Amino acid sequence: MEFDTAQIMTAGETMVAAASAFVVSYAFSILGAIVLIIAGFIVAGVVERSLAKALGRMRSFDQTLCRFLSKTARYAVLILVGVTVLAQFGVQTASILAALGAAGLAIGLALQGTLQNVAAGIMLLVLKPFRVGEYVDAGGTAGTIVEIGLFATELKAIDGLYVLAPNSELWNKSVINYSRNKERRNDLVIGIGYDDDIDLAQETMMSLAQNDERVLAEPEPATFVSELGDNAVNVTLRYWTATPDWWQTRLDLTKAAKKAFDEKGISIPFPQRDLHLITAAAEVKTTAA
């Protein structure tokens, strides 16, 4: 098969002319797109660093949330740059934005539970119902906070177990924070016998509180009879301590109260139950026989 040299040259010239026309037509668009991309990455980096630096100056602002917001700002700038670049080549950006919105909606529906955890994580980081190192109980999930992430929170249970709780579960429950307030109150209740001296028991418990440096003088400790129980008279010692001292103070005062009561002859009765045996009916049957 023979090729016509003239035809080949003509086709080549046509292709070169078409390529030249394309380059001339879109040269400025391509150059503008390159400039936009470079400038977009620079601006995105500046926005990310500036936002991270500004939020980092706020001591109460969590670092995890700071990184999340700065990264989000960076990607938002890059998406805007991408849409602008496509517009340089005559692409209808309205359809692209609509497609992105539809894709975002589909992803949101597919990851509904995950996004709930992210939203809850942001709220936890902003409102700070608990911080790292605090002991909390949220709807039965209890432990010391190890790390607050965007998706889940790590806790260390009182027995040393590792607990990973979804943020949405913690956010939707009432949170009891045992470490947030600087001071905590405790009611130490000890039952004494009905024949024992109530005033002596109260004086003994008050003396223990006043001699313990961990018990705060203000609010002032107090003792009172809280209940007349089935087996004992319950005497209560109410006192306040610094939160870190609460548990050990309770243990020490309980032990000290038992020893002091033993020394002063104040009894701590065991649970008792009186049994009354009715034998009258048995005696009547025996007499009839």
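If you read the sequence from its start, that first residue is 1, and numbering goes on from there. Just so we're clear, the structure is a prediction, and the values are computed from it rather than from any experiment.
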Is there side-chain contact between [X] and [Y], with heavy atoms separated by less than 4.5 Å?
X: F270; Y: N231; result: no
X: D262; Y: K258; result: yes
X: V146; Y: Y162; result: no
X: M206; Y: P221; result: yes

Report task. Starting from V235, walk the hydrophobic network (Ile, Leu, Val, Met, Phe, Trp, Tyr; side-chain heavy atoms closer than 4.5 Å) and list everyone else you reach, by chain and number. Result ->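 Under the 4.5 Å side-chain rule, V235 groups with L188, I190, I192, Y194, I198, L200, M205, L208, V215, V225, L228, V233, L237, Y239, L253, F261, I266, I268.
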
Query raised in the report: Other hydrophobic cluster members with W240, side-chain heavy atoms of Ile/Leu/Val/Met/Phe/Trp/Tyr under 4.5 Å, chained?
Result: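 Result for W240 is L216.
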
Can you name the nearest heavy-atom pair linking [X] to [Y], along with the distance?
X: N117; Y: P166; value: OD1-CB, 3.7 Å
X: L155; Y: A142; value: CD2-C, 4.3 Å
X: G40; Y: V77; value: O-CG1, 4.0 Å
X: P269; Y: A232; value: CG-CB, 3.6 Å

Report task. Please list all pairs passing the salt bridge (Lys or Arg N to Asp or Glu O under 4.0 Å) test where one or both residues lie in residues 148-168, with sequence neighbours left out. Result ->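 Non-adjacent pairs meeting salt bridge (Lys or Arg N to Asp or Glu O under 4.0 Å): zero.
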
Query - Pairs flagged by salt bridge (Lys or Arg N to Asp or Glu O under 4.0 Å) wherever residues 247-256 is involved - sequence neighbours left out - result: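 Output for this query lists R214-D252.
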
Apply salt bridge (Lys or Arg N to Asp or Glu O under 4.0 Å) to [X] and list each qualifying residue two or more places apart in sequence or on a separate chain.
X: D137; value: none
X: R185; value: D187
X: E169; value: K173

Report task. May I ask you to check whether over 12 heavy atoms, not counting those of E183, lie within 6.0 Å of atom CD? Result ->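 More than 12 heavy atoms, drawn from other residues, nucleotides or ligands, come within 6.0 Å of this atom.
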
Query raised in the report: What do you reckon, is CD1 of I158 surrounded by more than 12 foreign heavy atoms closer than 6.0 Å?
Result: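 Count not over threshold, so no.
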
Requested in this report: Quick one: do L170 and T141 satisfy side chain to side chain contact (heavy atoms under 4.5 Å, CB included)? Show the steps, please.
Outcome: CA-CA 8 Å; L170 299 178; T141 303; 4.3 Å; yes

Query raised in the report: Is L124 reachable from V132 through a run of hydrophobic residues whose side-chain heavy atoms are each under 4.5 Å from the next?
Result: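 Yes, same cluster.
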
Query raised in the report: Quick one: do F130 and V126 end up in the same hydrophobic cluster if we chain Ile, Leu, Val, Met, Phe, Trp and Tyr together by side-chain heavy atoms under 4.5 Å apart?
Result: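 Yes: a chain of side-chain contacts under 4.5 Å links F130 to V126.
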
Report task. Would you please name every residue forming a ring pair (Phe, Tyr, Trp, His ring centres under 6.0 Å) with Y178, sequence neighbours left out? Result ->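 Checked Y178 against ring pair (Phe, Tyr, Trp, His ring centres under 6.0 Å); matches are Y135.
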
Taking only residues two or more places apart in sequence or in another chain, which ones pass side chain to side chain donor-acceptor pair (under 3.5 Å) with [X]?
X: R180; value: E134
X: D196; value: S267
X: R49; value: none
X: N211; value: S207

Drop me the distance from [X]'s [atom1] to [Y]'s [atom2], to the nearest 0.5 angstrom.
X: I42; Y: I37; atom1: CD1; atom2: CD1; result: 12.0 Å
X: E147; Y: L164; atom1: CD; atom2: CG; result: 10.0 Å
X: R184; Y: T249; atom1: CZ; atom2: OG1; result: 11.0 Å
X: M123; Y: N167; atom1: CE; atom2: CG; result: 12.0 Å
X: D245; Y: Q248; atom1: CG; atom2: CD; result: 9.0 Å

Query raised in the report: Judged by modelled atom types alone, do T243 and N181 share a side-chain donor-acceptor pair under 3.5 Å?
Result: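 No, because no side-chain N or O of T243 sits under 3.5 Å from a partner of the opposite role on N181.
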
Query raised in the report: Checking side chain to side chain contact (heavy atoms under 4.5 Å, CB included) for the pair I145/R131: CA distance, chi angles, key distance, verdict?
Result: CA-CA 7 Å; I145 303 298; R131 299 184 178 93; over 6 Å; no

Query - With T223, the side chain to side chain donor-acceptor pair (under 3.5 Å) member among E203, R238, Q202 - result: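 Between T223 and the candidates, side chain to side chain donor-acceptor pair (under 3.5 Å) is satisfied uniquely by Q202.
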
Requested in this report: Spell out, as yes or no, whether a donor-acceptor pair under 3.5 Å connects the side chain of N177 to the backbone of V136.
Outcome: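 Looks like no, no N/O pair under 3.5 Å.
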
